[in-house]
Protein chains: 2
Amino acid sequence: MHLLLVEDDHLVAEGLCRSLRQQGYSVEHSSTVKSAMQWLQNDEIELVVLDLGLPDGDGIDILKHIKKHRKNLPVVILTARGSIDDKVMGLDLGADDYLAKPFDPAELFARLRVASRRVTQAQTSTLKVGDVEMDTAAFTVSFQGEPVNLPRKEFMLLKALLENQGRVQSKQQLENKLYEWGEEVGSNTIEVHIHHLRKKFPKEFIKTLRGIGYVVGKR
Amino acid sequence: MHLLLVEDDHLVAEGLCRSLRQQGYSVEHSSTVKSAMQWLQNDEIELVVLDLGLPDGDGIDILKHIKKHRKNLPVVILTARGSIDDKVMGLDLGADDYLAKPFDPAELFARLRVASRRVTQAQTSTLKVGDVEMDTAAFTVSFQGEPVNLPRKEFMLLKALLENQGRVQSKQQLENKLYEWGEEVGSNTIEVHIHHLRKKFPKEFIKTLRGIGYVVGKR
DNA sequence: TCTAAGTTTAAGGTTAATTTAAGCATTAAA
DNA sequence: TTTAATGCTTAAATTAACCTTAAACTTAGA
C-alpha cells in the first residue's frame, strides 16, 4: 500500500520512513507543502500521514486540498500542537485521525491499519439496462444520465422489469409483485403503468410479447 | 443518527446522554454487557460509544462481537485505562477511535463526527447543497451567506437530508433518524418540520416525491 | 418557578398518484 | 379478409399522500 509521509523534521522522517516500510508500506516522503502537493497528483497514493507546521506553509492547506480533490483518501494528522481546538479543527476538516507528538509508533501503526481498512469498501444497489439506470436505495432513476422522476408504482414496476432483465414476465406476475396479497386488481393497471413508463423511455425499451408478457433488455 | 452508549457509571452516562442528544444523536443507553448485546441486535444502531470495564463482563467482548457481526459499525472506545497497549489492542480489534478518561466532551464530539462521517460518506463537517450550507460541528446553517436559525429537530432533519443529497428518503427513514426507539411518533411530525424548513429556504429546495419521500439537491 | 420557544397532535383542505372503464388499434389464426 | 383476442390509449373517478393551520403540550432557560 502506497503511503505519503509529509514531515519536515528530517530525523523524525527518516525514522518513520524506515519503520513504516517495515510495516509493509511503500513510503514516499516529502518535507514541504509544495512537494507534497506534487505527490498528491499521483493517484497511487492511498494513505497520507501529515505533519502540520511545515517550513513553506501550513499543513492544514494540504488537508483542505486533499479533501477537495480526493475525498476518499484517508489522512492521519501528526503534530506537536496538542490542544483540543487543533484536534477538533483537523478532524472537522476531514482528517481521519490525529496524533499528538510525542507518540508511540505502535499507536501510529494501529491507527494507520484502521485507516487503510477503510479504503476498501463500497456497495451499490444499482440496476442498469441499456441507458436506463436505477438506484434502488436512493429511489432514483436516470436515462442517459438525466434523472427521471417516477411515481411509486411506476418505479416498482420498472424495478421488477430491470431485476429480470431478459426474462419475460406476465402481467399476472408483475401484478403479484406490485400488490399485496388479497388486494384484488380488477382492471388493467399494469397496462396503464407500462404505457406511462414508455412515455419516459425510448420507444422499444419495454417490449411486449403478445399473450405472454413484458421484457426489458437483451433477447 | 442512532448511537448506542455503553457506560456503567450512571452519573457519567446521564450527562453524556443529555449532551449527545443535544449534539443531535438519538441515544440508546445500556450499562451492562448483556443489554448492550441486545441493543446491537438492532440494525439501526449506527455508532457505538463503548466504555470498557463493565460490571458483568469486559467491554472488549462487545467490541469483538461487533466486529464479528457488523464490521462497518464504528466504535469509539472510552476508558480509564490509558496505556498504549490498551489503545493498540482496542484499535486492532477494530475500534475506530479511543479516548482516555478524563476527556473533554468537545473532543469526543469531534471524534464522533469523524466516525459518523464514515457512516454517512460525508467528508467534512460542512455540508453544502445549493445555497444552503451547514456546519454540523458549529450547529449553524446559512442560506446565501445569511445565517438561518433552526431549532434542533429542524436542524437534524435538514442534516439528514443534506447528508443524503440526491437520495430520496422516506418519512419512515427520516423518522428513524430523528427519534429514539420506544418514542413512538403517532403523527405527522416530519411533514410539519418539512413545512417549517420550507418557509426558511427557497420554494423548491426540499422536493417531495409522493409516495416515496423527500430529497434535496440534484436530480 | 415562570415564560418563551420548540415540538407534537389532529383536522380539514389540496393535489398528485392510481385505478377504472370504455373505445380504439394491432395481431394472429381461421 | 374477417374475426376474436389481446394490448394500447385516454380521460374521468377515486383514493391516498401530503400540506397547512392552529391549538395543546413539552422543554429549557431566566
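Quick note: numbers below take in every heavy atom, side chains included, and nothing from hydrogens, waters or symmetry partners. Here is the naming used below: chain letters follow the sequence lines, and residue numbers restart at 1 for every chain.
When the options Leu47(B), Asp51(B), Val27(B) are evaluated for a side-chain contact (heavy atoms from CB on, under 4.5 Å) with Leu5(B), the one that passes is Val27(B).
Rounded to an integer number of Å, the gap from CD of Gln22(B) to P of dG6(C) is 14 Å. In this entry the distance linking NE2 of His196(A) with P of dA11(D) reads 11 Å, nearest Å. Atom NZ in Lys207(B) sits about 16 Å away from atom P in dA16(C), given to the nearest Å. Nucleotide dG7(D) holds its C1' atom 14 Å from the CG atom of Leu174(A), rounded to whole Å. At whole-Å resolution of the value, CZ in Arg198(A) and P in dT26(C) are 13 Å apart. Counting to the nearest Å, the P atom of dA17(C) and the CD1 atom of Ile194(A) are 18 Å from each other. Rounded to whole Å, the distance from CG on Leu209(B) to C1' on dT15(C) is 14 Å. Gln172(B) has its CD atom 15 Å from the C1' atom of dA17(D), to the nearest Å.
Of the residues near DNA chain C, Ser187(B) and Thr189(A), the one whose nearest nucleotide (by heavy atom distance) lies more toward the 5' end is Ser187(B). Remark on DNA chain D: of its neighbouring residues Arg152(A) and Glu191(A), the 5'-side contact belongs to Glu191(A), judged by nearest-heavy-atom nucleotide.
Closest to the His193(B) side chain, of the nucleotides dT18(C), dG29(D), dT8(C), is dT8(C). Picking from dT8(C), dT18(C), dC8(D) the nucleotide with the shortest atom distance to the side chain of Pro151(A) gives dT18(C).
For dT8(C), the OP1/OP2 oxygens have a side-chain nitrogen or oxygen of Tyr179(B) closer than 4.0 Å. Of the side-chain N and O atoms in Lys153(B), one or more sit less than 4.0 angstrom from OP1 or OP2 of dT8(C). OP1 or OP2 of dC19(D) has at least one side-chain nitrogen or oxygen of Thr208(B) nearer than 4.0 Å. Residue His195(A) places at least one side-chain N or O closer than 4.0 Å to OP1 or OP2 of dT9(D).
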Criterion side-chain contact (heavy atoms from CB on, under 4.5 Å) on Val49(B) and Glu7(B), from CA distance to verdict: CA-CA 8 Å; Val49(B) 176; Glu7(B) 164 68 63; over 6 Å; no
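With hydrogens and angles left out, the side chain of Arg210(A) and the base of dT26(C) share a donor-acceptor pair within 3.5 Å. In this model, a side-chain donor or acceptor of Asn188(A) finds a partner on the base of dT9(D) within 3.5 Å.
Nucleic acid contact for Lys171(A): sugar-phosphate only, since backbone atoms but no base atoms lie under 4.0 Å from a heavy atom of the residue. Nucleic acid contact class of Tyr214(B) (heavy atoms, under 4.0 Å, all strands): sugar-phosphate only.
Residue Glu44(B) qualifies as enclosed at atom CD: its count of foreign heavy atoms under 6.0 Å is above 12. Heavy atoms of other residues, nucleotides or ligands lying less than 6.0 angstrom from CZ of Arg21(B) number more than 12.
Under 4.0 Å is where a charged nitrogen must lie from a carboxylate oxygen, and between Glu107(A) and Arg111(A) at least one such pair does.
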